[in-house]
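Okay, so here's the structure we're looking at.
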Amino acid sequence: MSSSALLDDLRARGLVFQIAGEDAIAEWLDGGSRTLYCGFDPTADSLHIGSLVPLLMLRRFQDAGHRPLALVGGATGLIGDPSFKAAERQLNTPDIVAGWTDKLRQQVGRFIDLGGENPALVVNNLDWTQNLDVLTFLRDIGKHFSINAMIQKESVKQRIEREGSGISFTEFTYMILQSFDFSELYKLYDCGLQIGGSDQWGNITGGIDLTRRMHGGHVFGLTMPLITKADGTKFGKTESGTIWLDGSKTSPYAFYQFWLNTSDADVYKFLRYFTFLSVADIEQIEQADAARDGRPEGQAILAREVTRLVHGEEGLLAAQRITEALFNGDATALSADDLEQLALDGLPSSKLDREAMPETLTQLLTEAGMAASGKQVKDALSRGAVLINGQPVDAALNGDPASCFHNNAAVHGRFWLVRLGKKKYHLFTRTAA
RNA sequence: GGAGGGGUUCCCGAGUGGCCAAAGGGAUCAGACUGUAAAUCUGACGCGAAAGCUUCGGUGGUUCGAAUCCACCUCCCUCCA
């Protein structure tokens, strides 16, 4: 793919929010295999889907023949990025951040090709930051930054201006650290482009300025739009919390379901953002869906593509197996092996000891994680929204869970598939007793 | 160090002695309608099956009774030094 084609494609996908050095970037990219980077700070032990767009962006550049560097912020993660954050953040201990950095290092490496002709690299900014002494930092780097300019940055403005908030020197310095990353990567790897979310604009332009001042280099910046949903609620969160990329934190099944539940108003946009399907193909899907009566196909395609990207073919199959069984078939008709497989595939499940049952059904289901509180279960019960093996549970039986989980009612004598509401399932398996 | 302002249930934000488990909005959950979509409508929304129990930065105090008053402590913000 030629570079102008790459840029055109990115624009067509809506992935380009702002470009620093716009008039020269196409020419620069056309000049050969270029090096670019994107940073990921360790703020948890896994990235979440908010980082997916930049990760895939690195891949898009790599596929076009360029060399991506994925930077894990072993150093910046110790400081905390204040950009557009409402409040000062709690610092994590160095050993925790180091542990998270290792995890991200592995995770990030899966989305880019670390081998091949233009192998990607994972770098850690702690490598060039940890031995930097304060005086050198202040004299050689800090001298290039104007406080007047820094406090003008939109990303920290509200923290500076808004009554009731504030910003520590530590967080304020974050921008300098990130800028230094860019200039170091320019020096070490001839890295000429930094990409990031639109909230990173201030940090990126800071790096561009510093690279010019320290090394006379002309480098570029590109930001991606903030991902928004048509209904205005926050992208990437559900009732059960953040959607993580780590399969042990968000199962492939839950991950798949998340995408499957995308609203019509967002699905084609997300296909452009989160998949490698061509824009033309996506438009075709959209047209076909528009012409069709009833349920569109976009969500299923989105869920399939993204789950495969993140969890591989195997994870996708597991997710589809569960989805198929729960939503498109009669789950109680499944064989014992199938049910066991579903639990292995990531369907929420737990053991049920009929000898040691809690006093109420609400307790039992809350403990199993099906609801946040007994009140919610009670509400669902009263509306007939709790089904055990397909049979609605009478709210009056709340005090008698043993009769709800009757051996006779168990599938294959030992399985109870509980459904709460339209979408939440949990498989209980009788303890071998 | 001085002066002033503030810390309310997930978030924003009312509440300034009883009528407060605490307005309103958002988020979230459940139901109806649908397509595991959106919009809309309904119900729930501190915990508990219930009796009841625990909340309004912390600790003590005043009072029959405090989120509301007093003292001290703590954290945050603004201005001054």
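Note on naming: letters A, B, ... go to the chains in the order of the sequence lines (proteins, then strands), and numbering restarts at 1 for each one.
Pairing for rC41(B) is with rG31(B), a Watson-Crick or G-U wobble pair whose two hydrogen-bonding atom distances lie under 3.5 Å. Pair assignment for rA23(B): none, as no Watson-Crick or G-U wobble contacts are both less than 3.5 Å. Summarising the base pairing, rA81(B) is matched to no nucleotide, lacking a Watson-Crick or G-U wobble pair whose two defining distances lie under 3.5 Å. Under the Watson-Crick and G-U wobble criteria, each requiring two contacts below 3.5 Å, nucleotide rA71(B) is paired to rU59(B).
Two rings, from F255(A) and W244(A), have their centers 6.0 Å or more apart.
Comparing the C1' positions of rG6(B) and rG57(B) gives a spacing of 11 Å, expressed to the nearest Å.
Protein atom NZ of K424(A) is 12 Å distant from nucleotide atom P of rU28(B), rounded to whole Å. If you measure from atom CZ of R295(A) to atom P of rA38(B), you get 12 Å, rounded to the nearest angstrom.
Side-chain atoms of Q299(A) stay outside donor-acceptor range of the base of rU36(B), with no qualifying N/O pair under 3.5 Å.
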key: Sugar-phosphate or base contact per nucleotide [nucleotides 43-56 of chain B; S, B, -; heavy atom under 4.0 Å]   = B---BBBS------
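K153(A) and N203(A) share no donor-acceptor pair across their side chains, judged by distance under 3.5 Å alone. Looking only at atom types and distance, the side chain of S335(A) has no donor-acceptor partner in the side chain of D337(A) under 3.5 Å away. Counted by atom type alone, D41(A) and T76(A) present one or more donor-acceptor pairs between their side chains at under 3.5 Å.
The closest donor-acceptor contact from the side chain of D353(A) to the backbone of T431(A) lies at 3.5 Å or more, if one exists at all.
Taking the ring axis of Y256(A) as reference, the NZ or CZ atom of R304(A) does not stay both within 45° of it and closer than 6.0 Å to the ring centre.
A close approach under 4.0 Å does not occur between any side-chain nitrogen or oxygen of K422(A) and OP1 or OP2 of rG35(B).
Both G384(A) and F327(A) lie close to RNA chain B; mapped to their nearest nucleotides by heavy-atom distance, the more 5′-ward contact belongs to G384(A).
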